[in-house]
Peer 1: 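One structure coming up, written as structure tokens, with questions to follow.
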Amino acid sequence: MGDMPSALPDGEPVPDDGALPAHALAGAARRPLGFYLHVPYCATRCGYCDFNTYTATELRGTGGVLASRDNYAGTLTEEVRLARKVLGDDPREVRTVFVGGGTPTLLAAEDLVRMLGAIRDEFGLADDAEVTTEANPESVDERYLATLREGGFNRISFGMQSARPHVLKVLDRTHTPGRPEACVAEARAAGFEHVNLDLIYGTPGESDDDWRASLDAALGAGPDHVSAYALIVEEGTRLARRIRRGEIPMTDDDVHADRYLIADEVLGSAGFDWYEVSNWATSESGRCVHNELYWRGADWWGAGPGAHSHVGGVRWWNVKHPGAYAAALAAGRSPGAGRELLSDEDRRVERILLELRLREGAPLSLLREEGLAASRRALTEGLLEQGPYDEGRAVLTLRGRLLADAVVRDLVD
């Protein structure tokens, strides 16, 4: 969830000083606070990527020195300082920090540590704070990982995607097979207790056997968390163009369902439990607490170009381009591009959309009459668990997880 989609919604303007309405800060001390730090740089653009990221070539001449990678940690630190001003005397220490991208590890390890240091200086980190960065397996080594660990990072997420070379080629991934597995060992040696591997299933040309091989390779590496996402072909990407031209076939929903079932079976038999539709962990302490903040509607500040934030029912998003982002902060202005104030109804719907994807499910008390009727049908059709339902919660069965989007649509009516 850290990744930033390339299109921004419309909304009302954000004040130049970024000030929030008083109601957004009311009761804030009772809610956890997290930070998402977006690093918008990539060495190359993967064919399936629709995130707000930029290669060096794409940035050249469109933001000048302000948008450079070398300055980025300093620029982002300015937004952390702005956050401190906006949140005023909010007493909360930060519970989670998640650095995503892009490829955060294209920055020097010292830069990531500096960004974390700004949060520690301005807000303080909770004693049990979870501090994660995403990492490209090809852009880290033992020294880099050791610097991160010594600087306060305690969780790392490697983009593995697949163990099969022909699948990686379709995805335009640059890492060599075997490298993500080696990274897990290096991260463990550096002292990282929690390590995630990201996998993608449903790539054109991938077989069931390819997918099983990727899962086996991931498990063999010894992470305590695995994320597995269906490939979504986004309009405007190179992959979409290749499929449209007939160069490679489109995968269908039945294939995605089969792959999901394989993932749940293989991961489950290896001691991983699902706790969100696309995420499995070996223990409760292995879960990604930062993502749980998103899924439970807590507060988080998203710093960086295109990053989204949410505090007390106010959602806002930053300007997309690194040059425009840096220019706003250099001028002492909020880089916010727009915001929306969520109504009680908006928040009710969002809670259903997000909490239904979790192992604990969503309270039936959130549902209106039509949604309750839909939930009874879903129960009859084997899409919701009977036991939790009797206790007032809608919890997806395995079959329900395969049809999660459709179940959610029915329940929000």
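The basis for the numbers below is simple: all heavy atoms, side chains too, and nothing from hydrogens, waters or symmetry mates. Fair warning: this is a prediction, and the values are worked out from it, not measured in the lab.
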Peer 1: Going by the salt bridge (Lys or Arg N to Asp or Glu O under 4.0 Å) test, name the single residue among Arg315, Arg92, Arg30, Arg95 that passes it with Asp299.
Peer 2: Arg92
Peer 1: What I'd like to find out is whether the side chain of Pro204 reaches to under 4.5 Å of the side chain of Leu231, using heavy atoms alone.
Peer 2: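 Side-chain contact under 4.5 Å: yes.
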Peer 1: Any chance the side chains of Asn196 and Glu134 put a donor and an acceptor closer than 3.5 Å?
Peer 2: no
Peer 1: Which residue, Tyr36, Trp316, Trp317, forms the ring pair (Phe, Tyr, Trp, His ring centres under 6.0 Å) with Trp301?
Peer 2: Trp316
Peer 1: If you compare all heavy atoms of Glu355 against all heavy atoms of Pro363, which two are closest, and at what distance to 0.1 Å?
Peer 2: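 That would be OE1-CD, 3.5 Å.
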Peer 1: Which heavy atom of Pro335 sits nearest a heavy atom of Leu329, and at what distance?
Peer 2: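 Distance-wise, the nearest heavy atoms are CD-CD2, 3.9 Å.
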Peer 1: Would you indicate whether the side-chain heavy atoms of Thr133 and Ser157 approach each other to under 4.5 Å?
Peer 2: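 No, every pair of side-chain atoms sits at 4.5 Å or beyond.
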Peer 1: Measuring from Ser162:OG to Leu215:CG, what's the distance to the nearest 0.5 Å?
Peer 2: 9.5 Å
Peer 1: Is the shortest heavy-atom distance from the side chain of Arg212 to the side chain of Ile262 under 4.5 Å?
Peer 2: yes
Peer 1: Return the minimal non-hydrogen interatomic distance between Glu360 and Arg393, and the atom names on each side.
Peer 2: O-NE, 2.7 Å
Peer 1: When you measure from the side chain of Asp210 to the backbone N and O of Ser207, does any donor-acceptor pair fall under 3.5 Å?
Peer 2: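 It does hold such a pair.
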Peer 1: Got a donor-acceptor contact below 3.5 angstrom from the Glu385 side chain to the Ala394 backbone?
Peer 2: no
Peer 1: Under 6.0 Å from the six-membered ring centre of Phe123 and within 45° of its axis: does the NZ or CZ of Arg84 meet both?
Peer 2: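 That pair qualifies as a cation-pi contact.
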Peer 1: Does some side-chain heavy atom of Leu106 sit less than 4.5 Å from a side-chain heavy atom of Val39?
Peer 2: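 In short, these two side chains do not touch, never coming nearer than 4.5 Å.
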Peer 1: Could you check whether the rings of Trp300 and His310 sit parallel, tilted or perpendicular, using 30° and 60° as the cut-offs?
Peer 2: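 Ring orientation of Trp300 relative to His310: tilted.
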Peer 1: Looking at Met160, Gln161, Arg259, which one forms a side chain to side chain contact (heavy atoms under 4.5 Å, CB included) with Leu199?
Peer 2: Met160
Peer 1: Kindly give the heavy-atom pair with the smallest separation between Ala281 and Arg287, and that separation in Å.
Peer 2: CB-N, 3.9 Å
Peer 1: Could you point out which residue of Thr132, Val195, Val131, Thr96 forms a side chain to side chain contact (heavy atoms under 4.5 Å, CB included) with Arg155?
Peer 2: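 Going through Thr132, Val195, Val131, Thr96 one by one, the side chain to side chain contact (heavy atoms under 4.5 Å, CB included) with Arg155 is satisfied by Thr132 alone.
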Peer 1: State the NE2-OG distance between His225 and Ser283, to the nearest 0.5 angstrom.
Peer 2: 10.0 Å
Peer 1: Between Ala187 and Leu145, which heavy-atom pair has the shortest distance, and what is it?
Peer 2: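 Minimum heavy-atom separation between Ala187 and Leu145: N-CD1, 3.8 Å.
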Peer 1: Which residues satisfy the salt bridge (charged side-chain N to carboxylate O under 4.0 Å, His left out) test with Glu370, sequence neighbours excluded?
Peer 2: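 Listed in chain order: nothing, the list is empty.
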Peer 1: Might you point out which heavy atoms bring Arg164 and Asp209 nearest each other, and give the distance in Å?
Peer 2: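 Closest pair (atom of Arg164, atom of Asp209, distance): NH2-O, 4.0 Å.
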Peer 1: Under a 4.5 Å cut-off applied to non-hydrogen side-chain atoms, are Arg339 and Pro15 in contact?
Peer 2: yes
Peer 1: Examine the side chains of Glu79 and Tyr325 and answer whether a donor and an acceptor come within less than 3.5 Å of each other.
Peer 2: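 Yes - a donor-acceptor pair under 3.5 Å links their side chains.
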Peer 1: Hey, does Phe35 have a side-chain heavy atom less than 4.5 Å from the side chain of Glu122?
Peer 2: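 They are not in contact (no side-chain heavy atoms under 4.5 Å apart), so the answer is no.
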Peer 1: Could you walk me through whether Met115 and Leu107 pass the side chain to side chain contact (heavy atoms under 4.5 Å, CB included) check?
Peer 2: CA-CA 11 Å; Met115 284 154 41; Leu107 298 184; 4.1 Å; yes
Peer 1: Does a side chain donor of either Tyr294 or His290 reach within less than 3.5 Å of an acceptor in the other side chain?
Peer 2: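 Present: a donor and an acceptor within the cut-off.
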Peer 1: When rounded to the nearest 0.5 angstrom, what distance separates CD in Glu350 from CG in Leu342?
Peer 2: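 Atom-to-atom, Glu350:CD and Leu342:CG are 5.5 Å apart.
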Peer 1: With ring-ring contact (aromatic ring centres under 6.0 Å, His included) as the test, would you mind laying out the steps for Phe98 and His38 before giving the verdict?
Peer 2: CA-CA 9 Å; Phe98 193 105; His38 186 63; over 10 Å; no
Peer 1: Taking the inter-plane angle between the rings of Tyr201 and Trp211 on a 0 to 90° scale, is it parallel (under 30°), tilted (30 to 60°) or perpendicular (over 60°)?
Peer 2: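 If you compare the ring of Tyr201 with that of Trp211, the planes turn out tilted.
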Peer 1: Looking at Leu356, Asp346, Leu366, which hits side chain to side chain contact (heavy atoms under 4.5 Å, CB included) with Arg351?
Peer 2: Leu366
Peer 1: Is there side-chain contact between Phe272 and Val266, with at least one heavy-atom pair below 4.5 Å?
Peer 2: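 The answer is no, as the side chains (C-beta and beyond) never meet within the 4.5 Å cut-off.
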Peer 1: So how far is it from Glu110 CD to Leu148 CG, rounded to the nearest 0.5 Å?
Peer 2: 8.5 Å
Peer 1: Is it true that a side-chain atom of Glu130 and a backbone atom of Val289 form a donor plus acceptor pair closer than 3.5 Å?
Peer 2: yes
Peer 1: Regarding Arg368 and Glu345, does a basic nitrogen lie under 4.0 Å from an acidic carboxylate oxygen?
Peer 2: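 Counted as a salt bridge, because a side-chain N and a carboxylate O are separated by less than 4.0 Å.
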Peer 1: Ring of Trp274, cation from Arg401 - is the NZ or CZ under 6.0 Å from the centre and inside 45° of the axis?
Peer 2: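 Yes.
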Peer 1: Supply the atom-to-atom distance Ser227 OG to Asn279 CG, rounded to the nearest 0.5 angstrom.
Peer 2: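 Separation between the atoms: 3.5 Å.
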Peer 1: Are side-chain heavy atoms of Phe158 and Val140 found at a separation under 4.5 Å?
Peer 2: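 Yes, at least one pair of side-chain atoms sits under 4.5 Å.
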Peer 1: Answer with yes or no whether the side chains of Thr103 and Thr105 bring together a donor and an acceptor at under 3.5 Å.
Peer 2: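 Side-chain D/A pair, Thr105 to Thr103: absent.
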Peer 1: Could you measure the distance from the NE2 atom of His194 to the CZ atom of Arg188? Nearest 0.5 Å is fine.
Peer 2: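 If I round to the nearest 0.5 Å, the distance is 8.5 Å.
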